[in-house]
Amino acid sequence: MGRPPAEPGGTGEDPRSHDRRDRARRAAWLAAGFAVSYGLVLTVASDTFFWVAIPGMLGLGTVVLLALQLLLHRPFGGAVPYATDGTDRRGPVRYHYKVLVRRYLLLVAVGAAMVAVPLVADVGFLYPFVGAGLVALPLGTRFWLPQIFYLRKCDRVLKVYEFGFRSPVRKSNLHGRGVRLLTVGDGAPRMSAREPLFSDRWPRGIEHGVWFAGDDPFGGVILVPGTGELMCMQPATWVAHDRDRLQAGPERRDRAERAGLARKSI
């Protein structure tokens with residue numbers, strides 16, 4: 001099974017610093033877009049240029065959508081407070097829950113303030129904030145619930161299986177909303193994976209190996225050493241492994257059932 005290799009050294013820039021600057025640039029562009037769209041919406045009070053408010057409303061909706069993704073769909077911002085060497089199965093789950101809940105509470109607080117403050121103050125030029133808040137709250141909840149769903153799947157698997165180290169990891173495809181295609185170890189099936197953080201990039205150093213908990217024909221969970229991300233996964237070609245699952249024996253099938261892996265759900 002082996003142990004993970006030491007992380008390669010180097011004198012290059014810390015990827016986390018690059019990520020922070022990238023998020024700051026995106027946030028600045030979103031703030032500028034919000035300001036421009038907000039100004040266009042205010043023209044609704046004009047007798048001549050009221051029609052300009054229509055692209056302004058569309059712009060506000062687009063900015064809210066992108067801001068929600070920037071808030072909710074991103075990797076960890078720093079070092080994780082748990083062991084990433086496969087010895088801790090509960091710490092990664094608890095911390096993922098903490099991060100996702102904290103982000104959602106921030107969304108709720110900001111969205112509620114955007115709705116409540118203009119209504120309480122009864123100031124006309126603040127009313128576009130009400131519309132932005134009413135869009136952000138349900139849409140943000142719609143974005144957040146699938147993240148919790150896939151984290152719960154990771155949680156269920158890690159209550160049943162222990163970690164073992166696998167390498168190398170071959171990355172196939174990277175899609176939005178945390179969707180990944182990858183192969184974990186030599187001879188293993190290609191897996192369809194979901195990362196609860198829904199980030200738009202591969203975890204740093206994942207190609208060097210990961211900690212895997214599960215059973216290949218059924219699926220499992222990986223923990224990325226160092227960065228600490230979790231992913232739940234199942235074989236991408238599920239039907240192709242029907243025979244392997246039938247031949248697995250009652251004990252393995254029972255464990256997969258308890259882990260929520262007996263049926264294709266990823």
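Fair warning: this is a prediction, and the values are worked out from it, not measured in the lab.
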A side-chain contact here means heavy atoms from C-beta on lying under 4.5 Å apart; do [X] and [Y] qualify?
{"X": "Leu158", "Y": "Leu230", "value": "yes"}
{"X": "Leu105", "Y": "Val101", "value": "yes"}
{"X": "Pro196", "Y": "Cys154", "value": "yes"}
{"X": "Trp29", "Y": "Leu66", "value": "no"}
{"X": "Arg180", "Y": "Arg194", "value": "no"}
{"X": "Leu174", "Y": "Asp200", "value": "no"}
{"X": "Leu182", "Y": "Ser192", "value": "no"}
{"X": "Leu151", "Y": "Tyr97", "value": "yes"}

Identify whether [X] and [Y] are in the same connected component of the hydrophobic contact network (ILVMFWY, side-chain heavy atoms under 4.5 Å).
{"X": "Ile222", "Y": "Tyr95", "result": "no"}
{"X": "Val135", "Y": "Val115", "result": "no"}
{"X": "Phe76", "Y": "Val210", "result": "no"}
{"X": "Met191", "Y": "Met231", "result": "yes"}
{"X": "Leu139", "Y": "Leu134", "result": "no"}

(message) Checking Asp242 against Lys264 for the salt bridge (Lys or Arg N to Asp or Glu O under 4.0 Å) test, could you report, in this order, the C-alpha distance in whole Å, the side-chain angles of both residues, the deciding distance, and whether it holds?
(response) CA-CA 11 Å; Asp242 282 345; Lys264 177 68 171 174; over 6 Å; no

Cation-pi between [X] and [Y]: NZ/CZ under 6.0 Å from ring centre and within 45° of the ring axis?
{"X": "Arg103", "Y": "Trp144", "answer": "no"}
{"X": "Arg177", "Y": "Phe198", "answer": "no"}
{"X": "Arg245", "Y": "Trp238", "answer": "yes"}

Taking all non-hydrogen atoms of both residues, which atom of [X] and which atom of [Y] are closest, and how far apart?
{"X": "Val41", "Y": "Pro128", "value": "CG1-CG, 3.7 Å"}
{"X": "Met233", "Y": "Val184", "value": "SD-CG2, 4.1 Å"}
{"X": "Trp202", "Y": "Leu181", "value": "CH2-O, 3.6 Å"}
{"X": "Val130", "Y": "Pro118", "value": "CG2-CB, 3.7 Å"}
{"X": "His96", "Y": "Tyr82", "value": "CE1-OH, 3.6 Å"}
{"X": "Thr141", "Y": "Leu107", "value": "N-CD2, 4.2 Å"}

(message) Angle between ring planes, Phe129 versus Phe34, binned at 30° and 60°: parallel, tilted or perpendicular?
(response) tilted

(request) Over 60° means perpendicular and under 30° means parallel, so classify the ring planes of Phe143 and His73, tilted if in between. (result)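 Ring orientation, 0 to 90° scale: tilted.
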
Which distance, rounded to the nearest 0.5 Å, do you find between the [atom1] of [X] and the [atom2] of [Y]?
{"X": "Ile266", "Y": "Cys232", "atom1": "CD1", "atom2": "SG", "result": "4.0 Å"}
{"X": "Ile148", "Y": "Lys153", "atom1": "CD1", "atom2": "NZ", "result": "14.0 Å"}
{"X": "Thr183", "Y": "Arg166", "atom1": "OG1", "atom2": "CZ", "result": "11.0 Å"}
{"X": "Lys159", "Y": "Arg90", "atom1": "NZ", "atom2": "CZ", "result": "5.5 Å"}
{"X": "Asp155", "Y": "Tyr150", "atom1": "CG", "atom2": "OH", "result": "16.0 Å"}
{"X": "Phe149", "Y": "Ser265", "atom1": "CZ", "atom2": "OG", "result": "6.0 Å"}

How about [atom1] on [X], more than 12 heavy atoms from neighbouring residues, nucleotides or ligands closer than 6.0 Å, or not?
{"X": "Arg263", "atom1": "CZ", "answer": "no"}
{"X": "Arg190", "atom1": "CZ", "answer": "no"}
{"X": "Glu207", "atom1": "CD", "answer": "yes"}
{"X": "Lys98", "atom1": "NZ", "answer": "no"}

(request) Examine the side chains of Tyr127 and Asp122 and answer whether a donor and an acceptor come within less than 3.5 Å of each other. (result) yes

(message) side-chain contact (heavy atoms from CB on, under 4.5 Å) for Thr84 and Val224? Distances and angles first, verdict last.
(response) CA-CA 7 Å; Thr84 63; Val224 183; over 6 Å; no

(message) Quick one, Phe212 with Tyr161, criterion ring pair (Phe, Tyr, Trp, His ring centres under 6.0 Å). Give me CA distance, side-chain angles, the key distance, then yes/no.
(response) CA-CA 9 Å; Phe212 175 79; Tyr161 294 99; 8.1 Å; no

(message) As a quick check of understanding, evaluate side-chain contact (heavy atoms from CB on, under 4.5 Å) for Glu257 and Phe218, giving each step before the final call.
(response) CA-CA 9 Å; Glu257 183 73 39; Phe218 299 95; over 6 Å; no

(message) Between Leu106 and Val110, is the side-chain contact (heavy atoms from CB on, under 4.5 Å) condition met? List the steps.
(response) CA-CA 6 Å; Leu106 177 59; Val110 173; 4.0 Å; yes

(message) Taking Asp215 first and then Arg253, would you say they form a salt bridge - that is, a charged N and a carboxylate O separated by under 4.0 Å?
(response) no

(request) List the steps and the verdict of side-chain contact (heavy atoms from CB on, under 4.5 Å) for Arg156 and Leu261. (result) CA-CA 9 Å; Arg156 187 173 176 182; Leu261 297 173; over 6 Å; no

(request) Kindly state whether the ring of His208 and the ring of Phe165 have centres lying under 6.0 angstrom apart. (result) no

(message) Please check: side-chain N/O of Arg74 versus main-chain N/O of Leu70, any donor-acceptor pairing under 3.5 Å?
(response) yes

